[in-house]
Amino acid sequence: QAQLEESGGGLVQTGGSLRLSCVVSGPSRIGGMHWYRQRPGNSREWVASITSGGATNYVDAVQGRFTISRDDAKSTVYLQMNNLEPSDTAVYSCAADFIRLGRRPDRHWGQGTQVTVSS
């Protein structure tokens, strides 16, 4: 039984910053952790990932502005969002890959948290 609890969303002005957090618990060890977003009228898109070893990757639109990190002692993944733009307005959701012996990792999702960037 996986549980992902997100926090940190809210309303911010253009150029401002927010830090999203996602506390993860589940049935097994956690591998990769990810952030996605769904902007109004669009499908869900991938934003950032971090591997269990700490390697990170970002979609071009947030490169240099967003930073994904993890604290395994707290079973938490973060998304630091700086220099926010109105186009960043979206529901942000976290996901975690639970390692399973002999099977593909099982990905579970958080409920999402709203980020609104005003102009």
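Counting only residues at least two apart or on different chains, the side-chain hydrogen bond (donor to acceptor under 3.5 Å, both in side chains) pairs with a member in residues 49-59 are His34-Ser49, Trp46-Ser49. A salt bridge (Lys or Arg N to Asp or Glu O under 4.0 Å) check over residues 49-60, counting only residues at least two apart or in different chains, returns nothing.
Atom OG of Ser43 and atom CZ of Arg37 lie 12.0 Å apart (nearest 0.5 Å). Rounded to the nearest 0.5 angstrom, Asp106 CG and Phe98 CZ are separated by 8.0 Å. Here the straight-line distance linking atom OG of Ser25 with atom CD1 of Ile30 works out to 8.0 Å at 0.5 Å rounding.
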*asked:* Leu20 vs Thr113, test: side chain to side chain contact (heavy atoms under 4.5 Å, CB included). Steps then yes/no.
replied: CA-CA 8 Å; Leu20 307 182; Thr113 185; 4.1 Å; yes

*Check step by step if side chain to side chain contact (heavy atoms under 4.5 Å, CB included) holds for Met33 and Tyr78.*
CA-CA 9 Å; Met33 305 178 86; Tyr78 304 93; over 6 Å; no

*Decide side chain to side chain contact (heavy atoms under 4.5 Å, CB included) for Thr89 and Gln114; before the verdict, give the C-alpha distance in whole Å, the side-chain angles of both, and the deciding distance to 0.1 Å.*
CA-CA 8 Å; Thr89 295; Gln114 177 70 46; 4.0 Å; yes

*asked:* Between Thr76 and Val24, does the side chain to side chain contact (heavy atoms under 4.5 Å, CB included) criterion hold? Intermediate values first, please.
replied: CA-CA 6 Å; Thr76 301; Val24 181; over 6 Å; no

*Check the pair Phe66, Trp35 against ring pair (Phe, Tyr, Trp, His ring centres under 6.0 Å), reporting the backbone distance first and the verdict last.*
CA-CA 11 Å; Phe66 290 12; Trp35 288 97; 9.9 Å; no

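Leu79 has its side chain out of reach of Thr67: every pair of non-hydrogen atoms, C-beta onward, lies at least 4.5 Å apart. In this structure, Leu4 and Val23 have side chains that are not in contact, with every pair of non-hydrogen atoms separated by 4.5 Å or more. Using a 4.5 Å heavy-atom threshold, the side chains of Tyr92 and Met81 count as touching.
Glu6 contributes a side-chain N or O that, together with a main-chain N or O of Gln111, makes up a donor-acceptor pair within less than 3.5 Å. A distance-only check finds a donor-acceptor pair linking the side chain of Thr14 to the backbone of Ser118 [under 3.5 Å].
Salt bridge status for Arg39 with Asp88: absent, with no side-chain N to carboxylate O gap under 4.0 Å. Between Asp72 and Arg70 there is a salt bridge, with a side-chain nitrogen of the basic residue lying less than 4.0 Å from a carboxylate oxygen of the acidic one.
For CD of Gln13, the number of neighbouring non-hydrogen atoms (other residues, nucleotides, ligands) closer than 6.0 Å is 12 at most.
Residues Pro86 and Ser119 share a closest heavy-atom pair of CG-CB, 4.2 Å. Taking every heavy atom of both residues into account, Asn83 and Arg65 meet most closely at O-NH1, 3.0 Å.
Taking Arg107 as the reference, Asp97 meet the salt bridge (charged side-chain N to carboxylate O under 4.0 Å, His left out) condition, with sequence neighbours excluded. Among residues two or more places apart in sequence or in another chain, the side-chain hydrogen bond (donor to acceptor under 3.5 Å, both in side chains) test is passed with Asn82 by Ser17, Gln80. Partners of Ile99 by side-chain contact (heavy atoms from CB on, under 4.5 Å), not counting sequence neighbours, listed by chain and number: Arg29. For Ser7, the side-chain contact (heavy atoms from CB on, under 4.5 Å) criterion is met by Ser21, not counting sequence neighbours.
Note on Val59: it clusters hydrophobically with Trp109, by side-chain heavy-atom contacts below 4.5 Å among ILVMFWY residues. Linking ILVMFWY side-chain heavy atoms closer than 4.5 Å, directly or via other members, places Val91 and Leu18 in two distinct hydrophobic clusters.
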